[in-house]
2 protein chains.
Amino acid sequence: MSSSTEPRRVTIHDVARSAGVSRQTVSRALNDKAEIDGSTKQRVLDAARALGYRPSRFARGLVRPDTTTIGLVVPDLLNPFFTEVASGALEAARARGRHVVVYDTTDDPAQELATLEVIGSQVDAVVGYFTRPEDDLDRGTAGIPVVLIGREPRTPRFSGIAIDGEEGVREAVAHLVSRGHRRIGMLDGQPEATVRRQWFLRAAAECGVRVHPGWVTAGAQTVDGGGSALATLLAAHPDVTAVFAFNDVMAIGALREARRFGLRVPADLAVIGFDGLALGTLVDPELSSVAIDTRALGALAVEQVERLVTGATPLPPGELVVRAALHLRESA
Amino acid sequence: MSSSTEPRRVTIHDVARSAGVSRQTVSRALNDKAEIDGSTKQRVLDAARALGYRPSRFARGLVRPDTTTIGLVVPDLLNPFFTEVASGALEAARARGRHVVVYDTTDDPAQELATLEVIGSQVDAVVGYFTRPEDDLDRGTAGIPVVLIGREPRTPRFSGIAIDGEEGVREAVAHLVSRGHRRIGMLDGQPEATVRRQWFLRAAAECGVRVHPGWVTAGAQTVDGGGSALATLLAAHPDVTAVFAFNDVMAIGALREARRFGLRVPADLAVIGFDGLALGTLVDPELSSVAIDTRALGALAVEQVERLVTGATPLPPGELVVRAALHLRESA
DNA sequence: CTGAAAGCGCTAACAG
DNA sequence: CTGTTAGCGCTTTCAG
């Protein structure tokens with residue numbers, strides 16, 4: 001029943017018959033080719049419209065396979081970080097006339113795997129943020145270029161856009177120290193012991209401030225995670241006067257938690273995030289952050305995948321880096 | 001030069017030759033068909049892998065055209081409202097196994113037109129938020145189903161998912177009145193004189209409070225727009241004690257502007273937004289809002305377009321509505 | 001269980 | 001300017 005109305009596709013052939021010409025002529029009319037008589041062309045166009053004809057994407061793609069579709073994989077589009085990355089990727093893709101099919105893996109490894117299972121047959125190139133091991137990635141994407149975002153590939157099979165926040169984090173810590181802070185903690189993201197923590201620890205050492213191990217706590221990479229990480233930290237070490245958060249989302253959670261503790265930011269507690277999201281300007285106080293150009297992150301990934309797909313010389317790893325810099329606003 | 005490496009596509013034929021079987025046997029092996037010998041199948045699979053074979057989307061689509069791709073058009077993915085709508089749409093589409101190609105028209109009518117120009121030949125159905133007249137929409141999407149979000153179609157050519165905030169706005173105004181507010185303003189969005197303003201005015205009338213014409217100002221539908229709309233309002237009518245904003249984004253701008261004016265929210269000025277974005281819980285004070293289920297908005301649009309595309313009976317306009325309800329948080 | 005033939009809808013050659 | 005002939009890569013008959 002459901003397909004009783006099945007409207008057999010109107011093909012170029014139907015149009016040709018209706019207009020009393022050959023299929024070829026129809027094709028010419030539709031594609032604005034030069035070699036065709038004006039009135040014939042009009043007749044064909046009219047017939048096409050009358051029949052509700054629409055060329056088949058597939059038939060066309062078969063013959064003229066220049067249609068590269070990029071798959072963009074994000075863990076959670078609602079996370080403003082990925083929204084910004086996606087926005088940058090979308091814009092870069094549009095500039096190149098590429099379609100982008102978006103996959104949201106909902107922060108779920110199983111969902112990510114499920115996506116990998118099908119994506120290889122749905123797009124011609126993949127750009128995105130993955131958490132699974134490279135073996136899994138390769139299985140699903142065998143044969144097509146893949147550009148990882150915010151993750152360094154272990155093998156040359158993949159390209160990766162790296163985030164180098166070392167200098168930015170150093171600026172952040174130096175700034176805190178210059179403001180007199182000596183007991184600086186960090187709210188790390190889970191899974192723990194991230195590179196960002198290393199940057200932080202190294203920066204602290206360089207600035208000559210000691211970081212007590214207990215001053216680093218970790219939490220889920222969410223607003224609530226940031227809040228509870230700060231709560232844990234403050235419960236054990238109420239004398240900490242500044243914190244650097246794994247990312248802005250967690251930092252915002254920390255801002256909120258600080259308020260609950262009756263702490264004023266930055267007077268009682270200075271907070272610096274990481275990412276530099278636009279979101280940071282909406283909270284009060286506005287969030288200081290080690291900022292990266294998130295949109296450039298997405299755009300760079302698309303740029304690289306484009307080169308890979310067209311066979312142009314790919315950007316060397318050295319250029320596949322987005323650097324961070326401290327953006328001072330109000331929270332520190 | 002750039003295509004000197006042009007790696008002629010590996011086809012099913014190459015695999016067949018390499019495995020010493022016919023093309024159809026390859027096809028069977030690849031598609032897990034029953035009628036095939038185990039060892040033959042393995043041999044084919046090995047050959048395919050060895051050659052780096054990937055089936056052509058197009059050839060496959062031509063033969064088995066069940067691959068509906070949905071185009072999702074948003075004015076600005078960075079606007080959290082549309083992020084949430086997109087997220088809902090993406091999830092609904094995934095549940096149905098549909099690909100979603102995302103188009104961001106960057107709040108630009110020209111870009112929207114450019115998108116309409118090409119979208120018809122790139123996807124099989126369209127869901128999204130458009131500002132152009134229906135004629136323009138139809139031109140680009142002739143022959144494929146289109147579901148408009150947050151906009152009532154004038155003709156049956158289109159489906160539309162309506163937002164009915166009347167009752168929610170009434171709750172909001174009633175709440176303000178119950179808290180003693182009598183001079184309630186509105187920050188309308190541009191283009192002005194929106195339905196939301198009508199809801200507001202009607203609700204005020206029903207609650208027995210008069211709204212001085214000067215108490216309604218308008219601004220761009222952005223954070224800054226909300227801020228300046230409030231500034232304008234307060235400059236002329238500093239005695240207003242509460243405002244209802246066109247949407248949450250503007251309301252957040254108002255929150256920030258109120259702070260600059262030295263007004264405490266909600267003590268000196270109560271603020272209620274519209275949309276109920278998750279974002280509203282991140283600001284201080286948390287934003288009270290006439291909330292709609294934004295993700296359902298996107299999901300409903302996908303549901304309808306799915307019905308349209310499969311020929312199932314479409315949802316009647318009465319069911320294509322998302323209603324709003326007041327979510328009280330801290331700002332009012 | 002496997003192969004041969006046919007055709008999906010379209011466009012790029014070549015004729016006329 | 002227009003029609004005819006091929007063939008894109010794949011899957012579905014239908015024979016063997």
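Naming convention: chains lettered A, B, ... in sequence-line order (proteins, then strands); numbering from 1 in each chain.
- A close approach under 4.0 Å does occur between a side-chain nitrogen or oxygen of A/Ser22 and OP1 or OP2 of D/dG3.
- Here the CG atom belonging to A/Leu51 is positioned 4.5 Å from the OG atom belonging to A/Ser18, to the nearest 0.5 angstrom.
- Counted by atom type alone, B/Ser159 and B/Gln304 present one or more donor-acceptor pairs between their side chains at under 3.5 Å.
- Contact annotation: B/Thr40 reaches the phosphate of C/dT2 (side-chain N/O to OP1 or OP2, under 4.0 Å).
- For the pair B/Ile12 CD1 and C/dA4 P, the interatomic distance rounds to 14 Å; values are reported in whole Å.
- Taking 4.0 Å as the cut-off between side-chain N and carboxylate O, A/Asp293 and A/Arg323 do not count as a salt-bridged pair.
- In this structure, B/Asp14 places its CG atom 13 Å from C1' of D/dC10, rounding to the nearest Å.
- With distances taken from any side-chain atom of A/Arg23 to the nucleotides C/dG9, D/dT5, D/dC10, the minimum falls on D/dT5.
- Atom-to-atom, CG of B/Leu62 to C1' of C/dC8 comes out at 5 Å; the value is rounded to the nearest Å.
- Distance OH (B/Tyr53) to C1' (D/dT11): 10 Å, rounded to an integer number of Å.
- Look at CG on B/Asn31: it is 17 Å from P on D/dG9, rounded to the nearest Å.
- For D/dG9, the OP1/OP2 oxygens have no side-chain nitrogen or oxygen of B/Arg60 closer than 4.0 Å.
- Taking 4.0 angstrom as the limit, B/Thr25 places a side-chain polar atom (N or O) nearer than this to OP1 or OP2 of C/dG3.
- OP1 or OP2 of C/dT11 has at least one side-chain nitrogen or oxygen of A/Ser27 nearer than 4.0 Å.
- For C/dG3, its base sits under 3.5 Å from the side chain of B/Arg28 at one donor and acceptor pair at least.
- For the residue pair A/Thr310/A/Arg96, the side-chain donor-acceptor check at 3.5 Å is not satisfied.
- As rounded to whole Å, 12 Å separates atom C1' of D/dG9 from atom CD of B/Gln24.
- Separating the NE2 atom of A/His13 from the C1' atom of C/dG9 is a distance of 11 Å, rounded to the nearest angstrom.
- A salt bridge does not link A/Arg139 with A/Glu117: every distance from a Lys NZ or Arg NE/NH1/NH2 to an Asp or Glu carboxylate oxygen is 4.0 Å or more.
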